[in-house]
Protein chains: 2
Amino acid sequence: MTSMEKGQIKDVDGFNAYLASRFDGLSKQLKKIARFVLDNPIDTALDTAAEIAGKIEVQPSSLIRFAQALGFDGFSEIQRIFRGGLVQQLPGYSANYSHRIEKLKEGTEDTASSDHPVLNVFIDANIDAINALRADATEAKLNEAVGYINKARHVYVVGQRRSYPVAIYLYYMMRNLDVPTYLLDGVGGLLPEQANQIGPEDTVIVVTFPNYSDQVISIAHKAAENGAKVVGLTDRLVSPIVKLSDVYFLSDKVEVSGFRTVAGTMCLAQALMIALGLDRETAGENA
Amino acid sequence: MTSMEKGQIKDVDGFNAYLASRFDGLSKQLKKIARFVLDNPIDTALDTAAEIAGKIEVQPSSLIRFAQALGFDGFSEIQRIFRGGLVQQLPGYSANYSHRIEKLKEGTEDTASSDHPVLNVFIDANIDAINALRADATEAKLNEAVGYINKARHVYVVGQRRSYPVAIYLYYMMRNLDVPTYLLDGVGGLLPEQANQIGPEDTVIVVTFPNYSDQVISIAHKAAENGAKVVGLTDRLVSPIVKLSDVYFLSDKVEVSGFRTVAGTMCLAQALMIALGLDRETAGENA
DNA sequence: CTGAAACGGGAATTTAAATTCCATTGAAAC
DNA sequence: GTTTCAATGGAATTTAAATTCCCGTTTCAG
């Protein structure tokens, strides 16, 4: 990978590989340009140098410097490569994927082609899961949850097994936002003991999906009994923690060949953290 | 009669219909040009007027006459229509919300409005991130990664901070699939020590996103030096672990008001586990 | 703190592309 | 056969884009 030379560049992939191999040696601004070029092949191919420069917030001359730093005569030469790549992507106008799902059902889609049919269906399922959040994660519910987090003395986060990554994420983000948060991670089998201190001034975020962990449910029980606020992240109304929660969110009901989607819940967790972040920003401005 | 007017032309289809309605009134040579334009939208969009004229065997000036006969200012105006149409046909165009994200960054999209626009844009960004996997997570790459996992004596998973949830998820799933896996979690600051035993018969899955953790990068370095296979999960080609990886996947380039999407990488991690699961299932049947 | 080297902004210049203009051709009318 | 006029080729001009160059600014070494 080190001995990449300009000569062998014919297509966009080749260019990108070459650019990556040279990236470290570029100046700060040229890196900025490099990132844009890597991320926006369509703009790079079609816009004028001045337009591209405008989007990156850089002088047009810097684009030429960028091209020359990589050994090209000018930026136009790079654009030629990207235009060529653009045309190659065109003939198969496979932009809408609904007809690909149809094909998959009929078995007409070529399994040996570049992409994996199971993966594609799985991607669709994840997109569905995320889209479902638009209806479920309403502003009112998010604000309610944010309110519980803000006025809590301590926030506890609990999730086991499949839900543990989500719990970790919430813990990490809230720590970054200066929320006094504790992760009930059950290290050393001490989950019940860790939960003993939960009181009426605290908030517990409970993440649980089938098969619902008994330990997690019993923590939710204890928290509700002790008068703590409970925020539930789970999959459906019949989940055991719904009736224990002051506010709950439903996500990732979907399952594809035995694999439950997880992106919806991650996205939900992030949405909650963004709502929290924005709230704190606004509160800070008013102070 | 010709109720078609130039004003309503916005896309290629509209232009073509308009051109058809005016076709009969054109001179012999202008008809020749019209046919070419109807048949070669790609050339019409991308070539210079001189190149197109050359292909039709006509003078460039005739192209301008053609455009003006139809009521346009010049041929460039027609090219603009065709370029716009071209972009829409490109795969991934419909899923591209980057311009909305840009607006949000500039603050031109009203953050304080009734509906939580940040969350909607964030959901869009996540969908975008997941869609991008279709192109990047090819069957070949997934199978290569699965191969490294299958033939490894031990598999190590490493990821810090934001990437830790992904690492945890991979660890959890591989343990369930009976892969001899170890999570390098850095408990007690012992990350370097945990990585000491990595050898040529092992495989390391490295998850890292900006700001790339120095510790994680140095583990990837050491692993590559010691001859272990490295599977990289990161955000872009210029990530420090790309050149250290035997196979790498790119996801979650997007960032919305300071929050990086994470659903793409979770989905990718799941895709990898599904590929692994399916592979083991098939292998089991043959045994 | 000082000086050298690299970097980057922006005007000036060059180059290329688009458009206009004019002379010529060719076809139709008388 | 001559006249007329739209159609066309091709040079000339204008316009726009790409590239160069100069100079102020930053960065880093000593």
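Proteins come first, then strands; the chains are lettered A, B, ... in the order of their sequence lines, and each starts at number 1. Scope of the values below: all heavy atoms of this structure, side chains included, with no hydrogens, waters or symmetry mates.
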**OP:** Mind calculating the distance between NZ (A:Lys28) and C1' (D:dC28) to the nearest angstrom?
**Re:** 15 Å
**OP:** Flag the pair A:Phe72 / A:Phe66 as yes when their ring centroid distance falls below 6.0 Å, and as no otherwise.
**Re:** no
For a quick test of your reading: what N or O donor-acceptor pairs under 3.5 Å do the side chains of residues 227-239 of chain B make, sequence neighbours left out?
unit_1   : atom_1 : unit_2   : atom_2 : d
B:Thr234 : OG1    : B:Thr208 : O      : 2.8
B:Thr234 : OG1    : B:Ser239 : OG     : 2.8
B:Asp235 : OD1    : B:Tyr212 : OH     : 2.8
B:Asp235 : OD2    : B:Tyr212 : OH     : 3.4
B:Arg236 : NH1    : A:Asp39  : OD2    : 3.3
B:Arg236 : NH2    : A:Asp39  : OD2    : 3.0
B:Ser239 : OG     : B:Ile241 : N      : 3.4

Original post:
Hey, are B:Thr261 and B:Asp252 close enough side-chain-wise for a donor-acceptor pair under 3.5 Å?
Top reply: yes
**OP:** Round to a whole Å and report the spacing from CG of B:Leu63 to P of D:dA7.
**Re:** 16 Å
**OP:** Please report, rounded to the nearest Å, how far the P atom of D:dA6 is from the CG atom of B:Leu30.
**Re:** 14 Å
Subject >> Within 6.0 angstrom of B:Asn211 CG, more than 12 heavy atoms from elsewhere >> reply: no
Original post:
If you pin B:Leu26 and B:Gln59 to their nearest nucleotides in DNA chain D, which one's is more 5'?
Top reply: B:Leu26
**OP:** Flag yes if more than 12 heavy atoms outside A:Asn176 fall under 6.0 Å of its CG atom; otherwise flag no.
**Re:** yes
Subject >> Summary of protein contacts for nucleotides 15-21 of chain C, nucleotide by nucleotide, where a base hit scores B, a sugar-phosphate-only hit scores S (4.0 Å, heavy atoms) >> reply: --SSBBB
Subject >> Residue pair B:Asp246 / B:Glu144: nearest heavy atoms and the distance that separates them >> reply: O-OE2, 3.5 Å
Original post:
Is B:Gln29 near enough to D:dG9 that one of its side-chain N or O atoms lies under 4.0 angstrom from OP1 or OP2?
Top reply: yes
Original post:
Hey, does the side chain of A:Ser27 come within less than 4.0 Å of C:dG8's phosphate (OP1/OP2), counting only N and O?
Top reply: yes
